[in-house]
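What follows is one structure encoded as structure tokens, with my remarks underneath.
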Amino acid sequence: MKKVVAVDGPAGAGKSTVAKIVADKMGYTYIDTGAMYRAVAYKTLQMKKNVTDELILKAAADIDITLRYENGATRVFEGGAEITDKIRTPEINAIVSQVAKLGAVRDKMTGLQRKMAQSDAVIMDGRDIGTVVLPRADLKIFLVASVEERAKRRHKELTEKGHDVSFEEIKKSIENRDKTDSEREIAPLKQADDAILLDTTGLTIEEVTAKIIELCQG
Ligand code: DC
């Protein structure tokens with residue numbers, strides 16, 4: 001079995017959904033690195049000031065993030081308080097790419113992520129796991145899907161949680177995040193040379209997970 005698995009790709013490609021299922025079936029610890037950038041965004045918004053790079057850096061400097069993966073779900077804590085649900089809102093989505101652009105924030109998160117990957121068999125998802133965080137991962141997967149399909153998935157996820165957002169708004173927000181994440185200077189979203197490309201458009205979750213499990217076992 002592959003010990004360290006990296007799953008990268010754009011927002012809504014299905015990374016966390018499939019990574020969690022693969023983790024449960026194969027006994028990996030699942031690490032959701034996007035949740036860490038979201039925690040920094042959350043802490044920044046808590047300061048209730050204009051969001052500037054300086055404010056983000058201040059939030060990141062003394063952030064204390066804990067991820068606890070239990071019963072198929074990641075619980076996120078900041079300074080001991082649970083923020084699991086608070087980091088998945090349209091407000092956080094709107095600023096998280098700005099947070100993730102900053103070198104000092106990325107350095108800090110990358111260091112924490114590498115430490116988390118040291119002990120167990122892990123499956124880690126994000127944007128730069130195969131390229132920067134764990135370049136020597138045993139298996140790298142780059143998951144993609146069309147913008148339409150990704151927007152549909154996020155719309156369903158958010159409306160189910162009671163957020164009142166339109167499909168068009170979500171699509172726009174995903175397009176903006178794709179652009180910022182892929183065009184940023186430091187650790188942009190891109191497929192690692194040795195990653196396997198998997199397009200999930202039109203595939204079921206079962207089909208995608210079966211394919212990844214096969215690769216993990218190979
Ligand atoms: O996967 P997600 O939507 O929860 O990620 C939130 C944001 O964090 C995403 O817009 C880009 C950023 N991110 C990143 O830059 N690097 C990672 N390894 C994970 C997420």
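Numbering of ligands and ligand atoms starts at 1, following listing order.
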Inset, instruction - Enumerate the atoms of ligand 1 whose separation from the nearest heavy atom of D181 is less than 4.0 angstrom. - result: 9 (C), 10 (O), 11 (C)
Legend entry - Protein heavy atom at shortest distance from atom 18 (N) of ligand 1: D128 OD1, 2.8 Å
Inset, instruction - Starting from atom 19 (C) of ligand 1, find the nearest protein heavy-atom neighbour and note its residue, name and distance. - result: T33 OG1, 3.3 Å
Legend entry - Close-contact set for ligand 1 against S97 heavy atoms, below 4.0 Å: 10 (O)
Inset, instruction - Answer with yes or no whether M36 contacts ligand 1, where contact means a heavy atom under 4.0 Å from a ligand atom. - result: no
Legend entry - atom 17 (C) of ligand 1 [closest protein heavy-atom partner, distance rounded to 0.1 Å]: R127 N, 3.4 Å
Inset, instruction - Please check if L57 and V99 belong to a single hydrophobic cluster, counting links between Ile, Leu, Val, Met, Phe, Trp and Tyr side chain heavy atoms closer than 4.5 Å. - result: yes
Legend entry - Same apolar cluster (I L V M F W Y, side chains within < 4.5 Å links), L215/I205: yes
Legend entry - Distance-only side-chain donor-acceptor flag, Y30 / D24, under 3.5 Å: no
Legend entry - Which of the ligand 1 atoms, numbered from 1, are nearer than 4.0 Å to a heavy atom of A100: 12 (C), 15 (O)
Inset, instruction - Using a strict cut-off of 4.0 Å, indicate which atoms of ligand 1 neighbour a heavy atom of G126. - result: 17 (C), 18 (N), 19 (C)
Inset, instruction - Return yes when atom NZ of K101 has more than 12 non-hydrogen atoms of other residues, nucleotides or ligands closer than 6.0 Å, and no otherwise. - result: no
Legend entry - Presence of salt bridge, K20 and D32, under 4.0 angstrom: no
Inset, instruction - Measure the spacing between NZ of K211 and CD of E207 and express it to the nearest 0.5 Å. - result: 12.0 Å
Inset, instruction - For T33 and D125, work out which heavy atoms get closest and say how close. - result: OG1-O, 2.5 Å
Inset, instruction - Examine the proximity of ligand 1 to R38 and report which part, side chain or backbone, both or neither, has a heavy atom under 4.0 Å away. - result: side chain
Inset, instruction - Using distance alone, with no hydrogens and no angle criterion, decide if T84 and E82 have a side-chain donor and acceptor under 3.5 Å apart. - result: yes
Inset, instruction - Considering heavy atoms of the protein only, find what lies nearest to atom 6 (C) of ligand 1 and give residue, atom and distance to 0.1 Å. - result: R177 NH1, 3.5 Å
Inset, instruction - Report the part of M124 in contact with ligand 1, treating N, CA, C, O as backbone and CB onward as side chain, heavy atoms under 4.0 Å; options are side chain, backbone, both, neither. - result: neither
Inset, instruction - May I ask whether K101 has any heavy atom positioned less than 4.0 angstrom from an atom of ligand 1? - result: no
Inset, instruction - Considering heavy atoms of the protein only, find what lies nearest to atom 8 (O) of ligand 1 and give residue, atom and distance to 0.1 Å. - result: Y37 CB, 3.6 Å
Legend entry - E91 and T89 side chains, donor-acceptor separation under 3.5 Å: yes
Inset, instruction - May I ask you to identify the nearest protein heavy atom to atom 16 (N) of ligand 1, giving residue, atom name and distance to one decimal place in Å? - result: R106 NH2, 2.9 Å
